[in-house]
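We count ligands from 1, going down the list as the structure has it; atoms in each ligand are counted the same way. Keep in mind the model is a prediction, meaning the values are calculated, not measured.
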Amino acid sequence: MKYVIANLKANFDLEKANEYIKYMKKNNKDNVLYAVPYIYITNFINNGINTISQDVSSQNMGAFTGEVCASQLKSMGINYSLVGHSERRKNYQDDLYINDKIKRLLENDIVPILCIGENKEERDIHKTKDLLTNELINAFEGIDHNKLSKVIIAYEPIWSISTSGVGIVPSNEEISSTIQFIKDYVKKHYNFDAKVLYGGSVNNSCIDELEKIDNVDGYLVGGCSLKYLEFEKLINRIK
Ligand code: PGA
C-alpha cells in the first residue's frame with residue numbers, strides 16, 4: 001500500500017477540526033497519516049486517527065518558548081514527522097535547522113518525512129538535480145547511514161504546490177525520473193532504499209494519471225486533504 005499523508009497545515013478552528021475528525025475517523029486506514037496542527041494532536045489521537053507531526057524543534061526539551069520537541073511528540077504516540085516542508089524553509093529559515101531536526105527525530109525513534117523540491121526558477125535553469133542533491137547532503141550531514149534508512153523522502157516541486165506555486169502537476173515522466181534520481185542518489189551515497197512520495201496539487205483530477213507511475217511510494221496532499229469528502233474519494237482511488 002502507498003503512503004498518503006494529509007498535510008492540514010495551519011487550517012481549521014476547533015469546530016472545523018472536530019467536524020473533520022468525526023467524518024474521517026470512520027475512514028481510518030493504516031496507510032493514511034494526518035499531519036495535524038500541534039494544538040489538535042490530542043483530539044485526533046483520541047479518535048483513533050493516525051496522527052503525525054508537521055514539524056519538530058531542532059532542540060531537546062528545555063527552555064525554548066513556543067517549540068515542541070521530539071521526545072514530547074514521542075510521548076504522545078507520534079511516530080512520524082514532516083521536516084523541511086517548503087513553507088517552513090521559506091518562512092522560518094528551516095534550511096538552517098533541518099539537519100538537527102532529523103537528528104532529534106531519529107534519536108527519539110520518529111520517522112522523518114523529509115520534504116525536498118525545486119522552485120520554478122531552479123527548474124527553468126535546469127538546476128533541479130543540484131538543488132535536490134544539496135538538500136539531501138545538508139539534511140543528512142553527520143548522521144550514521146544505518147540510522148538514515150528509516151527516513152522517507154517527499155519530493156515536492158515548489159512550483160506545483162497549490163498554494164505557493166502555479167498548481168500544475170509535472171508530467172508522469174518528469175516525476176518518475178526525478179524520483180528515480182533521488183532513489184539512486186540516496187542508494188549510492190547513503191546506502192539505503194528510500195521510499196519517495198510525490199507532493200504538489202495531488203487531487204481527484206490528477207490521481208488516476210499519477211497512479212500510473214510505478215516508482216512513487218505515496219503522496220503528500222495539502223489542499224485536497226482539507227475537504228473530507230474530496231479526500232475520502234482520493235484515498236479510495238489510491239492503490
Ligand atoms: P498541495 O500542497 O497538495 O495543496 O499542493 C502540498 C503540500 O504543500 O504539502
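Within the cation-pi definition used here (under 6.0 Å to the ring centroid, within 45° of the axis), K2 does not qualify as a partner of Y219.
Sorted by first and then second residue, the pairs that involve residues 91-150 and meet ring-ring contact (aromatic ring centres under 6.0 Å, His included), not counting sequence neighbours, are F140-Y190, H145-Y190.
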Item to complete: Output, in order, the C-alpha distance, side-chain angles, deciding distance and verdict of side chain to side chain contact (heavy atoms under 4.5 Å, CB included) for I238 and L210.
Response: CA-CA 9 Å; I238 295 171; L210 289 171; over 6 Å; no
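Side-chain contact of E156 with Y198: a donor-acceptor pair under 3.5 Å is absent, judged by distance alone.
Below 4.0 Å from some heavy atom of H85 lie the following atoms of ligand 1, by number and element: 7 (C), 8 (O), 9 (O). Interface of K9 with ligand 1, defined as ligand atoms under 4.0 Å from a residue heavy atom, comprises 2 (O), 7 (C), 8 (O). Annotation for ligand 1: atoms under 4.0 Å from non-hydrogen atoms of S162 are 1 (P), 4 (O), 5 (O). With ligand atoms numbered from 1 in the order given, ligand 1 contributes 1 (P), 3 (O), 4 (O) to contacts under 4.0 Å with heavy atoms of G223. Those atoms of ligand 1 that come under 4.0 Å of a heavy atom in E156, given as number and element, are 6 (C), 7 (C), 9 (O).
The part of N7 lying near ligand 1 is the side chain, judged by heavy-atom distances below 4.0 Å.
Residue contact check for ligand 1: C224 places no non-hydrogen atom closer than 4.0 Å to it. At a 4.0 Å cut-off, not a single heavy atom of T163 sits close enough to ligand 1 to count as contact.
Checked by distance only, ligand 1 and G200 stay at 3.5 Å or farther apart across all their nitrogen or oxygen atoms. The N/O atoms of L220, backbone and side chain alike, include none that comes under 3.5 Å of an N/O atom in ligand 1.
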Using distance only, find each side-chain donor-acceptor pair of residues 10-17 under 3.5 Å and give its atom names and separation, not counting sequence neighbours.
unit_1, atom_1, unit_2, atom_2, d
N11, ND2, L8, O, 2.9
D13, OD1, E15, N, 3.3
D13, OD1, K16, N, 3.0

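From I41, atom CD1 reaches atom CD1 of I52 across 9.5 Å, with rounding to the nearest 0.5 Å.
Checked options N7, L82, V151; the residue passing with I113 is L82 (criterion: side chain to side chain contact (heavy atoms under 4.5 Å, CB included)).
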